[in-house]
Amino acid sequence: MPWALYHVRRLFLLSADGERRPVMRSTERVDLGRPQQLARRPLSISERHRVEAGHDPVYGRARARVRPRAKGWPMAEKLFATAPARVIDKQDKNLEREARVRYLFTSDMWCVL
């Protein structure tokens, strides 16, 4: 089975009364390949941006948190992760709008730490 490198973005938001809302997410397949080959990409991203990375050489999984989770809600998270190529590209309908309104993000600001 081929593996993929995924670009994952998540918004953890609160409702008007302070309750946790369902997490909004976007998952985009960036590349396909062998686990060991793809694991180099998140590790490279981690070094370049000086962010946390994790690597499991036995299974080939790797992850780089470009925008790590905060301690509490609301928060935004962005990461690159490798996994078997079974996940489809998807994005919650209002993710970009919510990110803009709540975090004053534009789509390219997801790249900024």
Side-chain angles (χ1 to χ4, degrees):
M1 152 145 311
W3 276 51
L5 173 66
Y6 295 99
H7 175 208
V8 180
R9 299 177 299 156
R10 298 183 185 125
L11 283 179
F12 301 80
L13 301 175
L14 297 173
S15 65
D17 62 354
E19 296 294 317
R20 289 183 175 187
R21 291 177 38 192
V23 175
M24 299 181 82
R25 66 194 72 212
S26 166
T27 305
E28 176 187 6
R29 185 184 300 170
V30 177
D31 200 2
L32 286 172
R34 296 185 328 265
Q36 296 78 9
Q37 165 202 8
L38 293 172
R40 290 193 292 263
R41 301 269 301 273
L43 299 176
S44 171
I45 290 166
S46 151
E47 290 172 9
R48 193 168 52 246
H49 293 282
R50 296 187 183 110
V51 295
E52 173 190 345
H55 182 229
D56 179 350
V58 174
Y59 294 102
R61 294 182 297 237
R63 171 182 296 189
R65 293 184 186 276
V66 178
R67 182 181 180 90
R69 289 183 183 183
K71 297 236 184 274
W73 291 40
M75 66 181 142
E77 174 186 46
K78 174 184 174 176
L79 60 102
F80 288 89
T82 62
R86 294 185 177 172
V87 178
I88 60 169
D89 287 359
K90 58 188 169 231
Q91 179 171 306
D92 285 327
K93 185 171 118 180
N94 295 319
L95 178 82
E96 295 294 339
R97 183 181 66 77
E98 290 286 346
R100 230 179 5 263
V101 169
R102 307 233 183 222
Y103 291 95
L104 303 176
F105 282 179
T106 59
S107 57
D108 61 329
M109 289 179 75
W110 282 98
C111 298
V112 178
L113 292 176

All N/O donor-acceptor pairs, side-chain side in residues 29-36, below 3.5 Å, sequence neighbours left out:
{"residue": "R29", "atom": "NH2", "partner": "V87", "partner atom": "O", "Å": "3.3"}
{"residue": "D31", "atom": "OD2", "partner": "R41", "partner atom": "NH1", "Å": "2.9"}

Notebook entry, point to check: Are the side chains of F80 and L38 in touch, meaning some heavy atoms are under 4.5 Å apart?
Noted result: no
Next item on the list: Determine whether R25 and D92 make a side-chain contact, defined as any pair of heavy atoms from C-beta on separated by less than 4.5 Å.
Entry: yes
Checklist line | Nearest heavy atoms of W73 and R21, plus distance in Å | finding: CZ3-O, 3.2 Å
Notebook entry, point to check: If every non-hydrogen atom of L43 is compared with every non-hydrogen atom of G54, which pair is closest and at what distance?
Noted result: CD2-O, 4.4 Å
Which residues satisfy the side-chain contact (heavy atoms from CB on, under 4.5 Å) test with [X], sequence neighbours excluded?
X	result
E28	H7, D89
R69	R10, F12, R65, M75, E77
A62	A39, P42, H55, T82

Next item on the list: State whether the number of non-hydrogen atoms from other residues, nucleotides or ligands found under 6.0 Å of K93 atom NZ is greater than 12.
Entry: no
Next item on the list: Examine I45 and W3 and state if one hydrophobic cluster contains both, with Ile, Leu, Val, Met, Phe, Trp and Tyr joined whenever side-chain heavy atoms are less than 4.5 Å apart.
Entry: yes
Checklist line | Hydrophobic cluster membership, L13 vs L95, 4.5 Å side-chain cutoff | finding: yes
Notebook entry, point to check: In Å and rounded to the nearest 0.5 Å, what is the CG to CZ distance from D56 to R61?
Noted result: 4.5 Å
Excluding sequence neighbours, so at least two apart, what forms side chain to side chain donor-acceptor pair (under 3.5 Å) with [X]?
X	value
R48	S44
N94	none
Q91	R9, S26

Next item on the list: Determine which pairs satisfy ring pair (Phe, Tyr, Trp, His ring centres under 6.0 Å) with at least one residue from residues 16-36, sequence neighbours left out, and list them in order.
Entry: none
